[in-house]
Amino acid sequence: MLSHQSEKMSLMLTAKNHSIPLSDGNRIPIIGLGTYGDPRTTPKGTARECVKLAIDVGYRQFDGALVYFNEHEVGQAIREKITDGTVRREDIFYCGKLWSTFHPPELVRPALERTLKTLQLDYVDLYIIELPMAFKPGDKFYPKDKNGKYIYHETDLCATWEALEACKDAGLTKSLGVSNFNRRQLELILNKPGLKHRPVSNQVECHPYFTQPKLLEFCRQNDIVIVGYSPLGTSRDASWVNLKCPPLLEDEVLVSIGKKYNKSPSQVALRFNVQRGVVVIPKSFNPQRITKNFQIFDFSLTDDEMKLMEGLNKNIRFVELLMWSDHPEYPFHDDY
Ligand code: NAP
């Protein structure tokens, strides 16, 4: 039932009007610009220029994080487009993320305040726990011991969540969510005694090669929106991407459906998720691709095409988060 509702709703979305409801009464644009680019190879100023262009193109959501090392540029771009009158703050939806060195409850609000200071904004629209695993708190985002092993830390996800709830109550974020949580971890929060604010979203990998049917159904039943990261199948960066999975955008089914509508495989992949009510956050720092990735509201896929694309699921992740695989909360050992 819910699935039909979200499918119907998505068919009515337009370039100008494309947000969907969240369970707390707020809304989220169904497409946003991902802003993670390798800080070692991305020239300074790129994220700023790309976010400004994206706002001109029509994007209203931006997905960022303190650990992307360009949050200051994203904030600057948003503020510049507010100052020049293109948008108002309330037109923009910014999602920030609580990094894994900040899980202890007393570190949560300072971490969010650091993001706000970096952005130079008064609030974020969505603040999410980036990963259910923690690193040792301290100055280093990726702490390692003498032998080069990552230093994990225990995490009490319910205690972290309560600290997030206090941030929403203080007006520092409009909505709260999680990322990379499996069903068990979502249930931990949903069943927490005294839960005050429910997670409105779970940001996870989602695209035609990894369609997440079980997690999507569970989230639909619990009014949690799935935000699909790596919706184009990521970059092919061997340092963090599982290259055993073939390149998504070369898939023949995507190519042939694209030909029918005069659309690219990337537009078909994004449209597929949007039609299932899954929010997409494609990253591009290329002006043509930023523009093209947004052109997904002037065509729709038939039921048969949706089924065909669902059949492409390979159940293989591009993003395996292997540096975390020994952590007790590593989410991907479970079925979903
Ligand atoms: P993605 O958006 O699926 O793919 C990005 C890659 O595709 C980039 O190399 C980009 O290069 C290229 N690209 C973009 N548009 C294209 C097009 N039309 N045709 C061909 N190639 C295209 O992957 P992602 O960056 O992994 O994920 C998107 C966002 O999700 C991230 O930026 C980040 O905000 C978020 N994310 C979150 C998590 C998490 O743990 N929560 C994990 C991963 C990602 P160009 O820039 O050169 O266009």
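One-based numbering, in listed order, for ligands and for the atoms of each.
For the pair Lys117 and Glu71, the salt-bridge criterion is not met [side-chain N within less than 4.0 Å of a carboxylate O]. Contact check on Asp298 versus Arg271 returns no salt bridge, with no Lys/Arg side-chain nitrogen under 4.0 Å from an Asp/Glu carboxylate oxygen. The pair Asp24-Lys168 meets the salt-bridge criterion, with a side-chain N (NZ, NE, NH1 or NH2) lying under 4.0 Å from an Asp/Glu carboxylate O. A salt bridge links Glu187 with Arg183: the distance from a Lys NZ or Arg NE/NH1/NH2 to an Asp or Glu carboxylate oxygen falls below 4.0 Å. Comment: Asp223 does not engage Arg198 in a salt bridge, judged by the lack of any side-chain N to carboxylate O separation of less than 4.0 angstrom. Using a cutoff of 4.0 Å between basic side-chain nitrogens and carboxylate oxygens, Lys81 and Asp56 are scored as salt-bridged.
Few gaps surround CZ on Arg236; more than 12 heavy atoms of other groups in view lie less than 6.0 Å from it.
An N or O contact shorter than 3.5 Å links Lys283 to ligand 1 by distance. Backbone and side-chain nitrogen or oxygen atoms of Arg289 are examined, and one is located within less than 3.5 angstrom of a nitrogen or oxygen of ligand 1. Between Pro231 and ligand 1, a contact under 3.5 Å exists for at least one N or O pair. For ligand 1, the polar-atom distance check against Asn293 finds a nitrogen or oxygen pair separated by under 3.5 Å. Every N/O-N/O distance between Leu131 and ligand 1 stays at or above 3.5 Å. Taking only nitrogen or oxygen atoms, main chain and side chain alike, Leu249 does not reach within less than 3.5 Å of ligand 1. The shortest N/O to N/O separation between Val319 and ligand 1 does not fall below 3.5 Å. On a distance-only criterion, Lys97 and ligand 1 share no N/O pair closer than 3.5 Å.
Taking every heavy atom of Thr35 and a limit of under 4.0 angstrom, the matching atoms of ligand 1 come to 32 (O), 34 (O). Atoms of ligand 1 lying under 4.0 Å from any heavy atom of Asn180, numbered from 1 in the order shown and given with element: 39 (C), 40 (O), 41 (N). If you number the atoms of ligand 1 from 1 as listed, the ones under 4.0 Å from a heavy atom of Ile281 come out as 28 (C), 29 (C), 30 (O), 35 (C). If you number the atoms of ligand 1 from 1 as listed, the ones under 4.0 Å from a heavy atom of Ser235 come out as 6 (C), 9 (O). Every atom of ligand 1 is numbered from 1 in the order shown, and the set under 4.0 Å from a heavy atom of Asp63 is 33 (C), 34 (O), 35 (C). For ligand 1, the atoms closer than 4.0 angstrom to any heavy atom of Gly34 are 29 (C), 32 (O), 34 (O). Those atoms of ligand 1 with a heavy atom of Asn286 less than 4.0 angstrom away are 48 (O). Near Gln203, meaning under 4.0 Å from one of its heavy atoms, ligand 1 places the atoms 35 (C), 36 (N), 37 (C), 38 (C), 39 (C), 41 (N).
Distance check, rounded to the nearest 0.5 Å: CE of Met323 to CZ of Phe135 gives 5.5 Å. Atom CZ in Arg184 sits 8.0 Å away from atom CG in Leu157 (nearest 0.5 Å).
When Val279, Val124, Leu126 are each tested for a side-chain contact (heavy atoms from CB on, under 4.5 Å) with Phe93, only one passes: Leu126. The salt bridge (charged side-chain N to carboxylate O under 4.0 Å, His left out) with Asp125 is formed by just one residue from the set Arg89, Arg60, Lys174; it is Arg89.
In this structure, Trp99 and Leu66 have side chains that are not in contact, with every pair of non-hydrogen atoms separated by 4.5 Å or more. Annotation: side chain of Thr155 is in contact with side chain of His327 (closest heavy-atom distance under 4.5 Å).
Residue-level proximity to ligand 1 for Tyr68 is carried by the side chain, the only part with a heavy atom below 4.0 angstrom. Contacts between Ser179 and ligand 1, counted as non-hydrogen atom pairs separated by less than 4.0 Å, involve the side chain only. Neither the backbone nor the side chain of Phe62 has a heavy atom within less than 4.0 Å of ligand 1.
The protein heavy-atom contact nearest to atom 32 (O) of ligand 1 is Tyr36 N, 3.0 Å. Scanning the protein heavy atoms around atom 3 (O) of ligand 1, the nearest turns out to be Leu232 N, 2.7 Å. Closest protein heavy atom to atom 27 (O) of ligand 1: Ser230 N, 3.1 Å. At the top of the distance list for atom 39 (C) of ligand 1, counting protein heavy atoms only, stands Tyr229 CE2, 3.3 Å.
Between Tyr330 and Phe332, the distance separating the two ring centers is shorter than 6.0 angstrom.
Residues forming a side-chain contact (heavy atoms from CB on, under 4.5 Å) with Thr42 (at least two apart in sequence, or on another chain): Thr46, Phe285.
The residue among Thr234, Thr46, Leu321, Leu248 with a heavy atom at the shortest distance from atom 4 (O) of ligand 1 is Thr234.
In this structure, Gly233 counts as a contact residue of ligand 1, since one of its heavy atoms falls inside 4.0 Å of the ligand.
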